[in-house]
Structure formats: C-alpha cells, structure tokens
Amino acid sequence: MKYDFKTQDSKWQKKWEEAGIFNASADHSKPKFYGLVEFPYPSGAGMHVGHIKAYSGLEVISRKRRMEGYNVLFPIGFDAYGLPTENYAIKTGIHPRLVTDRNIEKFTSQLKRVGFSFDWTRTVDTTDEKYYKWTQWIFRKMFDSGLVFRATTLVNYCPSCRVVLSNEDSQGGKCDICHSDVIQKSKDVWYLRITEYADKLLEGLNHVDYLPNIKLQQENWIGRSEGAFANFAIAGTGDYLRIYTTRCDTMFGVTFMVIAPEHPIIEKYAGRIKNMPELEAYRAECAKKTEFERTQLVKDKTGVRIDGLTAVNPANGKEIPIYISDYVMMGYGTGAIMAVPAHDERDYDFAKKFGIDIIEVIKGGDISKEAYTGDGEMVNSGFLNGIKTKKEAIDKMLAFLYENGLGEKGVQYKMKDWAFNRQRYWGEPIPIVHCPRCGMVGVPYDELPLKLPDMENFAPGEGGESPLAKVESFVNCICPKCGGKARRETDTMPQWAGSSWYFLRYCDPHNDECLASMDELKYWMPVDWYNGGMEHVTRHMIYSRFWHRFLYDIGFVPTAEPYAKRTAQGLILGPDGDKMSKSKGNVVDPNTIVDEYGADVLRVYVLFMGDYGSAAPWNENSVRGCKRFLERVAGLTDIASGKGETKSLEASFHKTVKKVSADIEAMKYNTAIAAMMTLINEIYDHGYLTTDELGVFVRLLCPFAPHVCEEIWESIGGNGFCSVAKWPEWDESKTVDETVQYAVQVLGKLRAVIEVPADFSKEQVLTAAKADPKVAQFINGKTVVKEIFVPGKLVNIVVK
RNA sequence: GCACCCGUGGUGGAACUGGCAGACACGCAAGAUUUAGGAUCUUGUACUUCGGUGUGUGGGUUCAAAUCCCACCGGGUGUACCA
C-alpha cells in the first residue's frame with residue numbers, strides 16, 4: 001500500500017467525526033480518564049508547531065487509554081479574552097468578537113487537520129456569555145466570602161497598553177504583552193485574597209503527582225518562610241518597631257535597623273526627626289524608581305540615617321541607629337528589619353558603606369572580608385554563647401522573646417494578593433455595583449451573566465480607565481440593595497480568570513443551572529493528567545488551584561485539588577536553535593508540514609525529535625526520516641499474509657509491545673517510536689510477517705500515526721476503528737530470546753561477547769566465557785581472584 | 001547572587017536500579033537502480049600508531065562509572081535585596 005496521506009487523512013478525520021468515537025461517553029459505569037491540555041489563546045497568527053507538540057503528548061496517552069477500555073475525556077477549548085485581540089481590534093476597527101470567532105475557526109480547522117482525538121462536542125470559549133456567566137458567578141461567590149477587596153496602591157502600569165498589570169505580568173519591569181517599560185502609578189484596584197490560601201496551596205502539593213521541578217517552582221512561588229516577629233523599642237517613646245526575621249539567633253549581632261522608605265513611623269515621629277528634608281528627598285528618589293529598578297540595584301546600597309530616632313536591641317539593651325533604605329520593602333514582612341551585618345550579605349554591604357559596627361556572633365567565617373551565613377558556635381551573644389547549632393539558638397531566642405513579651409514565632413509568604421482587574425474592554429465585566437449609600441454591592445446571581453456591552457471604540461481612556469466607562473447605559477444602574485441610583489464597576493477581569501476553572505466546565509459544558517453538575521464532577525474530577533508549558537506552572541496553575549480549592553471549600557466541587565498529575569513539554573526551537581519568533585522569521589507553520597508530509601508525519605516527528613520534556617531544534621531532514629518510516633509502515637501490507645505469529649519475530653513483537661506500552665506512560669515517546677522503527681527494520685530483514693502481526697503493529701502505532709494505521713487496519717479487515725481497537729498485550733514469557741549474549745570482561749575490560757542458551761547457570765556461563773580464546777589469552781597463567789556474574793548481561797573475571 | 005536542571009559522534013538524541021557507551025534517526029561516503037533526483041534500495045560511518053583511547057575538566061569510590069562523591073569550567077530554566 002502507498003502512504004497516500006492526501007486522501008487518507010481527510011477520509012479518516014471525517015469518519016471519526018461521523019462516528020463520534022472520540023466523544024466522552026455519558027456512561028459512568030466505565031473507568032474514566034480525564035486528560036487535559038492547556039487550551040490555546042486563539043491568536044491571529046494561527047497555530048504553531050509548539051501547540052502540536054504540547055497536544056501530541058496527551059493525545060497519545062488519551063488514545064492509548066481509549067484502546068485500554070477507558071471512558072476518556074480529552075477536551076479542547078479557547079482562552080479567548082485578551083489584549084492581542086483587543087489591540088488588533090483597536091488598530092483595524094474590527095470588533096473583538098469577530099476577530100475571536102475568526103481565530104477560533106482557524107484554530108479549529110488546523111487542529112482537526114492534525115487528527116487530534118478531541119471531543120469537539122465539549123469545546124468551551126471563555127468569551128461566550130454562557131461560559132463567562134460562571135466566571136462571574138465564581139467571582140461573586142468569592143466576593144460573598146470576603147476574598148475580594150479593593151485597595152489603593154502603587155501599581156505596575158503599562159503606558160503603552162494603558163493597563164494595570166499584576167507583578168506577575170510585569171516581571172523584569174517589562175509589560176508581559178507589549179514589552180514596553182512599566183511605570184508605577186497610584187490606583188484603586190481589585191484584589192483576590194489568594195494569600196489566605198497560601199498554606200492550603202502549599203499543603204495540597206503533598207497530595208498530587210507533579211514533576212519535581214514543577215512542585216519546587218510552586219513552593220518557591222508561595223515562598224513560605226518560618227521565623228520570628230520581634231519588637232524593637234524606639235528610645236524615648238513608648239513605641240516600638242516591629243520586624244520579621246528568620247535569623248533571630250543572630251540578634252546579639254544587630255547593630256542597626258533599616259526600614260522601608262514608605263514606613264509610616266516616619267510620619268508618626270516627624271516632630272522628633274531632625275533631618276526630614278533629607279529623608280523626604282530620598283523618598284522622592286525611591287518613588288521614581290520602578291520596582292524593577294529598585295530590585296536591580298543590588299550592587300550599591302543607598303540610604304539615609306534617621307536623625308533623632310534610635311532603637312533598642314531587645315537582646316542586649318544596646319541603643320542602635322535606624323536608617324531608611326530601599327533595599328527594605330514595605331510589601332514583605334513588616335517593612336522593617338533588624339540588620340546583622342556580620343551574618344547577612346546585604347546588611348554587610350550597607351554597614352561597610354555607612355561605617356557601622358560589625359559584630360561577629362557566629363564563629364566560622366572571616367567577617368573582615370565578608371558576611372558569614374553558615375553555621376557555627378555562638379559568641380558575643382550573652383545567654384546563647386557556646387551553642388553550636390542554628391536550630392538550638394533560634395529556639396532559645398524565641399523562648400526569650402516570648403517570655404519577655406518582645407516577640408513570637410511567625411510565618412511569612414512571598415506570594416502577594418492577586419491584582420484582579422484590567423481597564424480593558426475585551427474581558428469579563430466585574431459584577432459589582434458601586435452605590436453611594438450601600439457601598440460595593442454584588443450583581444444578583446439571577447442577573448448573571450452581566451453582559452459585556454457592544455461598543456464601537458474600544459480604546460482605553462487617557463487616564464487609564466476602562467473603555468466601558470464611556471458606555472452610559474452600562475455604567476448607570478440601580479443598586480440591587482436599596483434601589484437607588486448607582487454606578488456599575490467598569491473594570492474587567494484579567495485573562496487568568498477564564499482559565500482558572502475551564503477544566504470544570506468540560507465535565508458538563510452545556511449546563512445552564514450550574515457551572516457543572518456535582519454528578520458529572522464526581523465522575524470526571526480530578527483531571528488525571530494535565531500537560532502544558534513550564535511557563536504556566538506558577539501563575540495559571542496556582543491561580544486555578546486557588547479557585548478550585550475555594551469552590552471545594554464552599555461545596556461546589558468534589559475534590560480539593562484539580563490536577564492529579566502534571567507534566568510539561570519542552571519548547572520546539574527554530575532550525576537555527578533559537579526560540580521560534582516572528583521577528584526572527586524562524587517559525588514553522590504546522591499547516592505547511594501537513595500539506596507536504598501529512599498529519600501523521602507531523603505527529604510522529606514532534607514526538608520523535610527528542611526527549612519530550614526538553615527543548616529541541618526543528619530539523620526538516622528528520623521530518624523526512626519520519627515520512628520514510630510511515631511509508632515503510634504502509635508497505636508492510638505488501639509482505640503480510642497468514643494468521644498467527646511468526647516464530648522468528650515473536651520475541652521482538654512481544655518486547656516491542658512491552659517497551660512501547662511502558663515508554664508511552666513515561667512520556668518517552670522518542671524511544672517508543674525508535675522501538676517501532678527497530679521492529680520494522682527487523683521485519684523487512686526477515687522478509688514477511690503475518691496479517692495478525694501487522695494488526696498488532698498498527699494498533700501499537702495508532703496513537704502516534706492514526707490515519708495510516710486506520711487505512712491499514714481497514715485493508716486487513718480489522719474490526720471497527722483501529723483508534724478504539726484493543727490495545728495489544730504482551731506475554732512476558734515470550735519477551736525472552738532463546739539465547740542471550742554475555743559481555744565478558746577481564747579486569748573490567750571487554751574482551752569478548754559470547755552467546756549462550758538463556759537458561760545457562762552462572763557456572764556454565766563462566767566456563768563458556770573462560771573457554772573463549774580471546775578471554776583465555778588474558779587469564780592464562782594468572783590467578784582468578786573474583787568472578788562477577790550479572791544474569792543475562794555480563795561476567796567480569798578479576799585476575800592477579 | 002541564589003535554587004534547580006543539563007554537558008555523550010558532524011547533528012537530534014539512546015543507555016533500566018552503577019553492568020557491552022553511541023540504540024533510533026538525520027547527515028555524510030560508496031555502490032545499485034533510474035532519462036534525472038532533494039526518490040528508492042544495499043553497505044559503511046566516534047577516534048586510533050590497531051596496543052589501545054574515548055561521555056565538559058581534574059580528582060575519588062568500585063571488580064565495574066555517562067550514571068555515585070568532591071572541586072572546577074561551560075550552558076539552560078526559574079527567581080531576584082523576601083529579612
């Protein structure tokens with residue numbers, strides 16, 4: 001048979017769709033498998049080969065599960081709210097709704113051309129009012145639970161996009177969307193109190209199977225640290241400065257304090273402070289810097305001493321100076337620190353620059369050269385002297401602080417509350433009404449969805465307010481509580497909102513009564529296997545775990561954690577080894593590959609190109625190699641005949657079935673394909689195989705290259721679709737060859753390879769090994785001291 | 001800076017728990033076939049003075065090290081003054 005993808009691809013895609021074989025079944029009696037891939041943002045550029053690799057991984061798993069008899073839910077949808085679409089709409093004047101629909105259509109046709117086994121009856125579109133009704137509903141529930149609040153703060157603002165960004169969206173001081181510089185601006189913004197869930201999110205990691213580095217990244221992101229709060233009296237006032245430290249064991253070494261420039265203590269004691277103008281000047285300087293600049297200036301510490309205020313070290317009663325410096329942040333801990341220059345690098349730099357005393361309290365380093373942060377014996381530390389471990393010293397100091405009412409144990413997180421709004425048009429309207437009498441009032445549940453009004457000009461206002469503020473009919477409303485005149489909130493939700501719960505909707509996508517019925521959720525959840533990019537393992541995954549945990553706490557989902565297992569694929573790099581990007585012109589369009597080589601070749605290549613979890617460059621020559629492989633597969637029909645098993649191929653078949661089955665589970669797709677290539681090479685060397693064996697081969701390959709396998713399956717009279725035929729089994733006893741090869745080493749060096757019957761004993765193998773002339777040459781006339789025997793593998797003869 | 005991961009032929013990459021390094025594929029070379037080939041098939045393909053030597057470099061543990069330990073060099077990812 002010829003590998004004729006041009007007619008075969010579309011033929012089978014059509015048949016699968018008509019038969020609906022990939023649609024999840026409503027039958028809850030079967031065991032289920034829920035495989036999830038990150039739904040795409042339907043950008044105007046269309047799909048990227050990276051999407052194909054990302055989806056192909058779980059595609060293979062999902063197809064294998066179907067063949068193993070599972071009821072499989074393998075859905076796809078579109079995360080369609082977002083700035084690129086809106087910016088395009090502003091530029092072209094085409095409504096974002098139209099742009100989105102067009103892009104979704106384009107993505108859909110591209111995905112279908114690759115033959116992915118998605119359940120197309122369950123697609124979701126986050127911009128569909130039937131979907132965002134429930135996004136708004138969850139937000140309302142959070143509002144009711146006190147997890148939503150509003151605060152005026154300095155925010156990251158992108159002057160180009162005219163939009164407030166979360167810290168996560170403005171990393172490196174650049175806007176995540178347009179990459180221009182982010183500035184600091186004072187704004188009233190919405191927050192979700194995700195910090196309240198910090199411990200739950202951290203604890204939940206103990207119950208899921210994520211790749212270790214993914215877990216680690218989430219732990220770092222949450223950033224829990226255990227330490228102590230301590231109060232440092234401000235001399236001559238009844239007041240104190242509260243600090244947070246993880247190293248209270250070093251408290252005897254505190255020689256100064258540093259507070260954040262914005263710390264309120266400065267206003268409070270302005271009357272006592274003698275150098276207010278100098279402090280004000282420094283504060284003005286800091287306010288100009290973005291958070292990025294502030295955290296980048298690691299090399300050179302700056303600061304000003306507060307003249308007129310001093311603090312008292314609670315450990316030894318010594319009076320110490322207080323400085324303001326921008327290396328201390330108001331947003332972490334208490335905005336004030338105790339500085340121990342001998343044992344903290346930042347404090348050391350600061351003390352050196354300002355000529356402050358450096359007192360060693362832990363032996364082991366050379367504090368004339370640098371700060372010592374290691375362990376050692378305590379010195380110059382009063383009641384801690386002589387203690388040798390950090391833990392003991394910390395415990396003693398904690399007890400001292402607690403007994404004297406000077407402080408106590410405490411926990412801090414790096415994670416901050418989630419800035420949850422955009423001043424943009426293309427997003428879910430926030431369902432809140434501002435009433436002059438009642439304050440903030442939630443839009444009643446029966447009025448959801450609060451629909452995004454249609455409008456012509458989507459450009460944000462000059463001051464950065466939302467375009468929705470211009471729509472009078474939207475803004476002016478009645479307070480749901482008192483019935484008086486009120487104004488509607490005009491901000492919309494950030495893009496992360498819709499993706500924070502989409503996996504729940506897939507379970508019951510057409511439900512108008514609730515986000516998904518408990519019955520369906522109990523069957524399908526949790527997601528058994530979630531695969532996606534490393535770039536989403538912190539933000540998206542932490543946000544969605546937070547939403548899901550909240551829904552669990554209020555009783556709307558059956559499991560605490562949404563994802564039982566999470567893996568990640570590596571990037572596809574351009575042929576030049578660089579990251580694919582439009583500007584570099586090294587982007588490969590999946591369409592051109594499908595046109596030229598067929599869907600199966602594309603699918604096989606993205607999985608064969610290298611280790612699934614690692615980045616690998618695109619290489620068109622290797623694509624041709626995959627095509628050659630599939631042509632050879634199609635050619636097997638010409639040499640297949642008869643029933644049963646071919647004796648000389650039997651072991652190879654059973655071994656390959658075993659290896660491919662195991663490799664798929666371990667996402668080692670490259671070696672699974674290599675094993676099938678090895679087998680096909682062997683078959684051609686052998687000259688023929690049986691039709692039954694060909695049936696095994698195509699079922700094994702079907703998850704990777706389903707079109708050609710269906711075609712062959714049909715031609716050999718296979719029952720129904722190959723895609724849902726029974727996954728091949730192997731017989732362990734048949735995976736062993738009759739003879740085995742032993743590597744024979746003398747003194748660890750390979751001297752010969754001998755072939756002996758598989759059931760040979762250690763003695764028999766050793767006798768055979770020593771009889772080999774190449775081995776004998778090295779042991780004759782010497783004494784054998786030791787004989788190492790590794791069954792089925794190798795012998796090593798140690799001589800003297 | 002810190003944390004984690006990774007360094008294997010001309011290339012992408014294999015190698016289970018320490019047990020024959022280089023599977024599989026690309027590329028390249030020679031040959032066959034073809035009007036032709038960017039098609040197909042066959043053979044070869046780490047280096048070598050043919051003793052051996054080889055998994056970034058230098059040490060160590062072991063009968064045996066790509067794999068484990070120590071130091072260093074190089075690259076990637078994440079994070080960034082987190083007290």
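Reminder, nothing fancy here: chain letters follow the sequence lines and each chain counts from 1. Every value quoted in this text rests on a predicted model; they were computed, and no experiment measured them. Heavy atoms only: backbone and side chains are in, while hydrogens, waters and symmetry mates are out.
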What interatomic distance, in whole Å, is found between [atom1] of [M] and the corresponding atom of [N]?
N	M	atom1	value
B:U11	B:G59	C1'	32 Å
B:U45	B:U79	C1'	45 Å
B:G58	B:C4	C1'	25 Å
B:U34	B:U42	C1'	16 Å
B:C81	B:A14	C1'	44 Å
B:G12	B:C63	P	37 Å
B:A65	B:G18	P	14 Å
B:U53	B:A36	P	49 Å

NZ/NE/NH1/NH2 to OD/OE distance under 4.0 Å, [X] and [Y]:
X	Y	answer
A:R242	A:E408	yes
A:K627	A:E631	yes
A:K369	A:E360	no
A:D349	A:K353	no

Could you let me know what [N] is paired to, Watson-Crick or G-U wobble, both distances under 3.5 Å, or none if it's on its own?
N	answer
B:C41	B:G31
B:A14	none
B:G58	B:C70
B:C20	none
B:U53	B:A46
B:G1	B:U79

For residues A:M580 and A:N586, report the shortest heavy-atom separation together with the two atoms involved.
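In this case the closest contact between A:M580 and A:N586 is CA-OD1, 3.2 Å.
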Ring centroid separation for A:F229 and A:Y244, is it under 6.0 angstrom?
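Yes, they do, as the ring centres are separated by less than 6.0 Å.
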Quick check: A:F256 with A:F350 (ring centres under 6.0 Å apart)?
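When the ring centroids of A:F350 and A:F256 are compared, they turn out to be within the sub-6.0 Å range.
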On the nucleotide [N], are OP1 or OP2 found under 4.0 Å from the side-chain N or O atoms that [X] carries?
X	N	result
A:R539	B:G78	no
A:Y244	B:A83	no
A:R632	B:C41	yes
A:R628	B:U40	yes

Rounded to whole Å, how long is the line connecting atom [atom1] of [X] with atom [atom2] of [N]?
X	N	atom1	atom2	result
A:L571	B:G76	CG	C1'	11 Å
A:E535	B:G76	CD	P	18 Å
A:M338	B:C81	CE	P	20 Å
A:E620	B:G27	CD	P	11 Å
A:Q777	B:G52	CD	C1'	14 Å
A:M676	B:A25	CE	P	13 Å
A:Y597	B:A39	OH	P	10 Å
A:K215	B:U77	NZ	P	25 Å

Closest approach to the side chain of [X], judged atom by atom: which nucleotide of [options] is it?
X	options	result
A:M677	B:A25, B:C20, B:A83	B:A25
A:V798	B:C20, B:U40, B:C63	B:C63
A:T245	B:C24, B:C26, B:A83	B:A83
A:L750	B:A23, B:G78, B:A21	B:A21

ring-ring contact (aromatic ring centres under 6.0 Å, His included) partners of residues 775-800 of chain A, not counting sequence neighbours, each pair once:
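Residue pairs with at least one partner in residues 775-800 of chain A: A:Y742-A:F789.
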When you match A:R247 and A:E596 each to their closest nucleotide on RNA chain B, which lands nearer the 5' end?
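Result of the comparison: A:E596.
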Contact nearer the 5' end of RNA chain B, comparing A:S225 with A:R751
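First, find each residue's nearest nucleotide; the 5'-ward one identifies A:R751.
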Counting heavy atoms not belonging to A:K390, are there more than 12 under 6.0 Å from its NZ?
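Check fails, neighbour count at 12 or below.
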Select base, sugar-phosphate, or nothing to describe what [X] touches, counting heavy atoms under 4.0 Å on all strands.
X	value
A:G223	nothing
A:R224	nothing
A:N681	sugar-phosphate

Does B:G52 adopt a syn or an anti glycosidic conformation, taking syn as a chi angle within 90° of 0?
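Anti, since the glycosidic angle lies more than 90° from 0.
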Is B:G59 in the syn or the anti form, by the rule that syn lies within 90° of 0?
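You should classify B:G59 as anti.
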Establish, for the pair A:K414 and A:Y332, whether the NZ or CZ atom is under 6.0 angstrom from the six-membered ring centre and no further than 45 degrees off its axis.
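Geometry flag: not set, cation outside 6.0 Å or 45°.
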5' to 3', nucleotides 1-19 of chain B under a 4.0 Å protein heavy-atom cut-off (B base, S sugar-phosphate only, - none) gives ---S-------SSSSB--B
